[in-house]
Novice: 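Supplied in structure tokens, the structure appears directly below.
Lettering follows sequence order; numbering is per chain, from 1. Worth knowing before you read on, the calculation uses all heavy atoms, side chains too, and leaves out hydrogens, waters and symmetry mates.
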2 protein chains.
Amino acid sequence: MRVEASAASERPVPARPNLAAVAALAGVSASTASLAFSGAGPVSEPTRAKVFAAAEALNYAGPDPRAQSLRRGRSGIIGVVIDDRLRDAFRDPANISMLDGLADELGGAGLAMLLLTDTGEGAAGISLAPMDAVVLVGCSTELHSSVKIFRQRGIPVIAIEAEHMPDVFPIDLDNRDATALGARHLKQLGHENVAVVSLPLESSHARGPLTREREAASGSFTARQRILGARDVYPNLVGVASAGSFIEEGLIAGRALLAATPRPTAIIAQSDLLAVGVIRAAAELGIAVPADLSVLGFDGVSVEGVAPLELTTLVQPSVEKGRAAGRAAIALLDGGEPDPIAFVCVLRMGNSTGPVNS
Amino acid sequence: MRVEASAASERPVPARPNLAAVAALAGVSASTASLAFSGAGPVSEPTRAKVFAAAEALNYAGPDPRAQSLRRGRSGIIGVVIDDRLRDAFRDPANISMLDGLADELGGAGLAMLLLTDTGEGAAGISLAPMDAVVLVGCSTELHSSVKIFRQRGIPVIAIEAEHMPDVFPIDLDNRDATALGARHLKQLGHENVAVVSLPLESSHARGPLTREREAASGSFTARQRILGARDVYPNLVGVASAGSFIEEGLIAGRALLAATPRPTAIIAQSDLLAVGVIRAAAELGIAVPADLSVLGFDGVSVEGVAPLELTTLVQPSVEKGRAAGRAAIALLDGGEPDPIAFVCVLRMGNSTGPVNS
DNA sequence: GGAGATCCTCGAATCGATTCGATCGATTCG
DNA sequence: CGAATCGATCGAATCGATTCGAGGATCTCC
């Protein structure tokens with residue numbers, strides 16, 4: 001294809017110009033023009049100037065990312081798969097911090113985040129989008145088929161807090177041990193009648209009492225591990241599943257649990273937001289925290305609305321978790337084989353837990 | 001290039017198979033194989049089966065999205081540009097609702113969201129990522145250069161609450177009129193000494209008193225419009241800019257404003273989170289709301305932590321705003337020319353405002 | 001002045017798929 | 001039984017760039 005210099009003036013609205021057109025107008029070959037734009041090879045100053053002038057004249061915006069990504073085999077896009085609806089995922093500060101760390105690390109490497117959900121219609125994007133790597137966040141088992149596709153495509157997969165799978169790089173959190181640590185703290189305070197409010201167990205986000213069957217069938221690795229951790233200390237633990245990590249849900253769950261007789265003297269909430277809800281439920285019922293009820297949280301995010309109470313909670317390095325995922329993605333893209341990463345939580349003492357009041 | 005049926009067994013780890021390899025193994029042409037996968041043309045059942053069998057045998061994951069997007073000129077990706085750090089953007093429920101509406105609408109059309117920020121290093125993605133359309137959220141003026149690139153590329157741009165620009169499809173909110181409406185409500189209650197807490201004015205997110213110069217130079221269209229709306233009723237309005245739409249920031253701003261003499265009898269906050277912060281500042285100082293101080297919010301999100309108070313606020317249709325942006329993006333992609341969209345807020349009466357106590 | 005090194009520039013192959021028009025065989029209709 | 005029709009398949013062009021090896025010009029140094 002030849003493009004005359006005059007062609008530009010003949011057609012007022014030409015098809016979008018491409019590199020070839022620019023090169024032609026500049027009187028150089030396409031390869032040289034490419035070099036001029038990418039700066040990847042030696043190009044003399046006058047030539048470079050000619051190319052840029054031609055680009056300017058043709059109103060050329062630079063190499064087409066689509067073509068670039070085909071040729072280079074890289075799109076600069078990292079998929080982030082959330083198992084929730086966006087609204088839900090973004091409602092929990094711990095999650096947001098994680099995404100923030102992720103975005104920070106990826107952005108620094110010139111990579112962008114493609115937000116995907118594994119449920120509903122948005123799931124199509126999972127196999128259709130051009131991605132260089134994928135980070136699964138709290139992914140459910142429904143993702144196994146997607147993971148297979150990623151593997152076939154040679155797309156590295158990073159999973160945050162998920163069951164280990166072959167060819168999936170894990171970023172772990174000691175959900176079980178941390179919860180056990182928290183539970184032992186309660187035990188030391190003398191609590192024996194303890195209940196738990198869990199994160200959603202299924203993607204249906206159904207509320208309701210925990211049963212061993214439900215737990216076993218649960219797609220939420222995190223929720224399950226935290227339940228197990230609590231059971232390590234309180235084998236006969238009872239509890240309810242929430243429909244999401246929100247204060248409102250903690251309130252609902254708290255009401256349910258506190259209506260039981262005998263009333264639990266301590267409640268383990270699987271997130272700080274849930275813990276705040278539980279505390280609010282207690283307030284409603286005139287139950288004093290921590291005198292009559294101890295509440296343990298998880299995440300260590302600063303939550304509004306329980307002042308002057310300060311949550312006793314298991315602090316997890318949310319931001320670092322995201323960062324680690326980002327770094328892992330970058331390393332895997334470069335063909336590296338980073339070491340698996342496991343984070344641990346720290347028990348931060350607040351005053352939402354106290355000795356049992358018998 | 002010919003690929004023998006036996007080649008697959010010779011090379012244990014072949015370069016990733018492509019459509020041509022699958023077609024060769026199936027004994028059909030690449031065009032037919034393409035038809036079989038896309039279902040876009042007539043393909044006999046036996047042929048289709050042969051193709052899929054070959055794909056299975058070669059462990060082919062389906063057409064490469066990169067190549068597809070080059071050929072079809074579509075990537076299925078919609079860019080979403082946030083002017084904030086992710087962390088900040090996700091901290092405000094109004095923003096999240098908007099993103100949720102957007103995600104919902106886009107997901108339904110098989111499109112995925114590419115999250116971008118216009119500041120820092122992540123900004124590179126703006127011109128490098130393969131996007132079919134872009135939604136600017138609360139974009140600053142720094143985006144003008146990016147918008148130029150989008151225009152050159154023929155990428156439709158949708159801007160939510162931004163200054164109108166040629167070739168940019170606007171989704172508007174009556175920020176000014178709505179704020180004026182709220183201000184008139186305060187006026188009717190007899191308030192004369194009114195102050196405002198604004199959203200960040202610059203991308204530096206600097207706190208500090210409002211000045212006409214700062215307002216004029218501000219990159220935040222929304223903040224400016226809301227200030228203007230308040231000025232429509234209270235021309236000599238004073239106020240401070242916050243560093244973000246957070247409760248904590250409202251608290252800081254509230255303390256500053258309530259330290260003035262004479263103390264304002266009403267404060268207009270440019271978001272509900274800021275309003276809650278202001279109320280908390282009042283509580284700190286022993287100032288009763290609404291008896292001694294009226295506080296007006298904006299957004300109409302349900303905010304925790306001011307019970308039993310209920311915020312008087314300007315309710316905006318956040319989710320609908322996002323949905324409208326999504327629909328506009330889809331329509332523009334189809335070459336349509338949707339009508340500009342403008343949403344209006346509704347003043348919802350709570351009990352955080354009341355008659356001036358003189 | 002010629003051999004060799006340097007520096008630019010170019011041609012051609014390639015990335016992996018889609019799509020239009022052409023072709024070929026089988027079926028149907030008159 | 002010939003012609004028109006229809007369905008399935010194929011070839012070739014195309015999307016827009018990158019990259020490698022080769023080639024030509026210029027310069028250096030002996």
Novice: Closer than 3.5 angstrom, by distance alone: can the side chain of A:Asp132 be matched with the main-chain N or O of A:Gly76 as a donor-acceptor pair?
Specialist: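 Side chain of A:Asp132 to backbone of A:Gly76: a pair is present.
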
Novice: Atom pairs under 3.5 Å, N or O on each side, protein against nucleotides 4-11 of chain D: can you list them with distances?
Specialist:
unit_1 : atom_1 : unit_2  : atom_2 : d
D:dT9  : OP1    : B:Ser44 : OG     : 3.0
D:dT9  : OP1    : B:Thr47 : OG1    : 2.2
D:dT9  : OP2    : B:Ser44 : N      : 2.9
D:dT9  : OP2    : B:Ser44 : OG     : 3.4
D:dT9  : OP2    : B:Thr47 : OG1    : 3.3
D:dC10 : OP2    : B:Ser29 : N      : 2.9
D:dC10 : OP2    : B:Ser29 : OG     : 3.3
D:dC10 : OP2    : B:Thr32 : OG1    : 2.6
D:dG11 : N7     : B:Ser31 : OG     : 3.0
D:dG11 : O6     : B:Ser31 : OG     : 3.3

Novice: Yes or no on side chain to side chain contact (heavy atoms under 4.5 Å, CB included) for B:Val147 and B:Met165, after CA distance, side-chain angles and deciding distance?
Specialist: CA-CA 9 Å; B:Val147 169; B:Met165 297 173 59; 3.7 Å; yes

Novice: Go ahead and write out DNA chain C as dot-bracket, 5' to 3': ( ) for pairs within the strand, [ ] for ones crossing earlier pairs, | when the partner sits on another strand, dots for unpaired; Watson-Crick or G-U wobble, both distances under 3.5 Å.
Specialist: ||||||||||||||||||||||||||||||

Novice: Would you kindly say whether B:Ser34 and B:Ser31 are connected by a side-chain donor-acceptor distance under 3.5 Å?
Specialist: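 No donor-acceptor contact under 3.5 Å links the two side chains.
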
Novice: Going by heavy atoms closer than 4.0 Å, what residues in residues 66-78 of chain A are next to DNA chain C?
Specialist: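 Contacts with DNA chain C under 4.0 Å: A:Leu70, A:Arg71.
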
Novice: Examine distances only and state if a side-chain atom of B:Ser75 and a backbone atom of B:Pro130 form a donor-acceptor pair shorter than 3.5 Å.
Specialist: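 Pair found, side chain donor or acceptor close to backbone of B:Pro130.
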
Novice: Would you give the length of the straight line joining atom CD1 of A:Ile77 to atom CG of B:Leu114, rounded to the nearest 0.5 angstrom?
Specialist: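 The distance works out to 5.0 Å.
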
Novice: May I ask you to say whether A:Glu320 pairs ionically with A:Arg327, meaning some side-chain N is under 4.0 Å from a carboxylate O?
Specialist: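 Counted as a salt bridge, because a side-chain N and a carboxylate O are separated by less than 4.0 Å.
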
Novice: Atom CG of B:Leu58 and atom C1' of C:dG16: how far apart are they, to the nearest Å?
Specialist: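 In whole Å, C:dG16 C1' lies 15 Å from B:Leu58 CG.
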
Novice: In whole Å, what is the span from the CG atom of A:Leu128 to the P atom of C:dA17?
Specialist: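 Distance, rounded to whole Å: 13 Å.
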
Novice: Does A:Tyr60 have its ring centroid less than 6.0 Å away from the ring centroid of A:Phe37?
Specialist: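 Ring-ring flag for A:Tyr60/A:Phe37: true, centres closer than 6.0 Å.
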
Novice: Please say which of A:Val168, A:Ile341, A:Leu332, A:Val134 ends up in a side-chain contact (heavy atoms from CB on, under 4.5 Å) with A:Ile158.
Specialist: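 It is A:Leu332; the other options fail the test.
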
Novice: So, B:Ser220 versus B:Thr222: side-chain donor-acceptor pair below 3.5 Å or not?
Specialist: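 Judged by distance alone, the side chains do not pair up.
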
Novice: Reckon B:Tyr60 has a side-chain N or O less than 4.0 Å from the OP1 or OP2 of C:dA17?
Specialist: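 Yes, within the criterion.
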
Novice: State, to 0.1 Å, how close B:Gly41 and B:Leu35 come at their nearest heavy-atom pair, and which atoms those are.
Specialist: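 Closest approach of B:Gly41 to B:Leu35: N-CD1, 3.9 Å.
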
